[in-house]
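Read the structure below first, then the notes.
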Amino acid sequence: MANTLPEKSAQDLSQQWWDGPRAERRREQTAVAETEQTVLRDFLGQFDVRGAAVLEVGGSMATAVAGLPDHRRWVSVDPLAQDSQGDGPEIIGRPVEDADLERGAFDLVFSCNAFEHLSDLKKSMAAIHDALVPGGYVYAHFGPIWSGPDGHHMENISWEGRDLIFWRDNPIPHWTHLLLEPEEMTQMLEEYFAPGLVRKIVNSVYHDDWINRRFYEDYLEAFREADLTLVSLEGQHVVDYPSQYPDGPYRHPAFTGLLGQDPELVLNHRFGPKYRNFRCRDMRVVLRRPKGTSPSR
């Protein structure tokens, strides 16, 4: 599919928000992290894992770190994986809140591209708190989060022999997953796409349990309620991939009616005052369980 947005002119300045950053804007700021390996290297650069017990949440990088000689233990909790113990990597194939982890057993928690998938965010964070030793740290990179411009996280869609994924095949204008109702999104997409494909896209965006649909502020609240101190937070707003729009402009009135408006004002009116940050799409956080704290549940 071709991107059919017109060249920049005075009359289409109001349309730029939904197309995402232009090429020169993308060079302004890179992603917080680009690959799992990049995230892992950053984690290992910040924390000394020698002699440490590490809990990985929402992934299975135990094999990748198996060659690291000095860490004491690496346990991966991943509901999409199979349980594995013994001489190989230690993997628990359940959500972290159901993993029956020993309390205070881990010095560090590592997580890459997983927190946006934690269905019960608050229970998950409470379980992470309890698994840490007092004074232990959480390092997590995750996104895109629901409140960001591409927070729909379109994924797990197969169509005509292809697996569609948001960073390669995104036909959804930024923030419209928040600004349009499912029925409106359906009608907009059906102008150009087959009904069967549209049903899959809309299900992925609004109904599939692959993502938790939590806003930026929900994460901060979950950290706070789990008694995890926020040591550092970095976020980035640049969508570093091109959108793939159809061969003509979307004409559905629910969408065209948004083009002359500031999306953040519309979003603040709709979701405020609780939710205010709609720019951040990726988050990198370091959290700490305070010393001397009791289990959170």
Side-chain angles (χ1 to χ4, degrees), residues 1-23 25 116 144-160 162-216 237-272 275-281:
M1 294 180 290
N3 186 333
T4 59
L5 287 179
E7 295 297 320
K8 186 173 99 171
S9 68
Q11 68 180 22
D12 55 69
L13 286 174
S14 61
Q15 299 180 21
Q16 292 179 6
W17 62 263
W18 61 268
D19 186 37
R22 299 183 298 280
R25 182 84 177 271
E116 76 272 26
I145 61 174
W146 177 248
S147 49
D150 59 336
H152 53 78
H153 209 306
M154 190 190 81
E155 205 166 351
N156 297 330
I157 298 174
S158 295
W159 185 254
E160 296 183 345
R162 290 187 62 218
D163 291 328
L164 308 182
I165 195 163
F166 66 92
W167 66 77
R168 187 181 59 222
D169 309 289
N170 177 34
I172 301 173
H174 295 325
W175 289 294
T176 52
H177 63 290
L178 298 172
L179 294 167
L180 300 183
E181 299 296 331
E183 296 78 10
E184 295 170 327
M185 178 71 75
T186 297
Q187 294 165 9
M188 182 185 76
L189 294 176
E190 281 183 344
E191 292 183 58
Y192 295 102
F193 301 103
L197 174 57
V198 171
R199 283 194 295 272
K200 289 189 173 188
I201 293 174
V202 171
N203 182 68
S204 171
V205 172
Y206 293 104
H207 307 300
D208 194 285
D209 62 3
W210 177 239
I211 57 173
N212 59 25
R213 298 178 184 84
R214 295 295 183 264
F215 289 68
Y216 174 90
H237 66 274
V238 176
V239 180
D240 53 353
Y241 60 84
S243 297
Q244 300 294 328
Y245 299 120
D247 292 333
Y250 290 118
R251 296 185 298 266
H252 191 278
F255 173 67
T256 59
L258 297 169
L259 294 181
Q261 304 182 60
D262 182 326
E264 290 189 272
L265 291 178
V266 178
L267 289 164
N268 275 298
H269 178 74
R270 182 168 184 174
F271 295 105
Y275 299 123
R276 293 294 190 187
N277 188 332
F278 301 101
R279 290 282 177 179
C280 181
R281 64 179 297 270

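Side chains are part of it too, since the values below use all heavy atoms of this structure and drop only hydrogens, waters and symmetry mates. Remember, predicted model here, so these are calculated numbers, not experimental data.
- Looking only at side-chain heavy atoms (C-beta outward), Ile157 and Leu197 come within less than 4.5 Å of each other.
- Under a 3.5 Å cut-off, the side chain of Tyr241 and the backbone N or O of Asp169 do not form any donor-acceptor pair.
- Within the 3.5 Å criterion, the main-chain N or O of Glu181 finds a donor-acceptor partner in the side chain of Glu184.
- Between Glu264 and the choices Arg276, Arg279, His269, the side-chain hydrogen bond (donor to acceptor under 3.5 Å, both in side chains) rule is met once, by Arg279.
- Residue Val239 comes nearest to Asp150 through the heavy atom pair CG1-OD2, 4.0 Å, listed as atom of the first residue, atom of the second, then distance.
- Looking at Met188 and Leu180, their side chains come closer than 4.5 Å, going by heavy atoms from C-beta outward.
- Between Arg168 and Arg162 there is a side-chain heavy-atom pair separated by less than 4.5 Å.
- Listed here is the closest heavy atom pair of Val266 and Gln261: CG2-OE1, 3.2 Å.
- Evaluation of the ring pair (Phe, Tyr, Trp, His ring centres under 6.0 Å) rule for His177 yields Trp146, His152 as partners, not counting sequence neighbours.
- Of all the heavy atoms in Pro144 and Phe166, the pair that sits closest is CD-CZ, 3.6 Å.
- The shortest non-hydrogen separation linking Gly151 to Ile211 is O-CD1, 3.9 Å.
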Check the pair Tyr216 / Arg281 against side-chain hydrogen bond (donor to acceptor under 3.5 Å, both in side chains), numbers first and verdict last.
CA-CA 8 Å; Tyr216 174 90; Arg281 64 179 297 270; over 6 Å; no
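- Listed here is the closest heavy atom pair of Ile201 and Pro171: CD1-CG, 4.2 Å.
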With side chain to side chain contact (heavy atoms under 4.5 Å, CB included) as the criterion, how do Tyr250 and Leu259 come out once you've worked through the C-alpha distance, each side chain's angles and the decisive distance to 0.1 Å?
CA-CA 11 Å; Tyr250 290 118; Leu259 294 181; over 6 Å; no
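- A side-chain donor-acceptor contact under 3.5 Å links Glu191 to the backbone of His252.
- A side-chain contact (heavy atoms from CB on, under 4.5 Å) with Ser147 is found for exactly one of Tyr275, Phe271, Trp175, Phe278, namely Phe278.
- For the pair Trp210 and Ser204, the minimum side-chain heavy-atom distance is 4.5 Å or more.
- With respect to the salt-bridge test (charged N to carboxylate O, under 4.0 angstrom), the residues Glu116 and Arg214 do not qualify.
- With hydrogens and angles ignored, the 3.5 Å screen pairs no side-chain donor or acceptor of Lys200 with any backbone N or O of Trp159.
- Annotation: the span from Ile165 atom CD1 to Met154 atom CE amounts to 8.5 Å, rounded to 0.5 Å.
- Side-chain contact between Asn212 and Ile145 is absent, with no heavy-atom pair separated by less than 4.5 Å.
- Looking at Asn203, its side chain never comes within 3.5 Å of a backbone N or O of Arg199 through a donor-acceptor pair.
- Rounding to the nearest 0.5 Å places SG of Cys280 at 10.0 Å from NE2 of His237.
- Between Met185 and Ile172, the shortest heavy-atom distance links the atoms CE-CG2, 3.8 Å.
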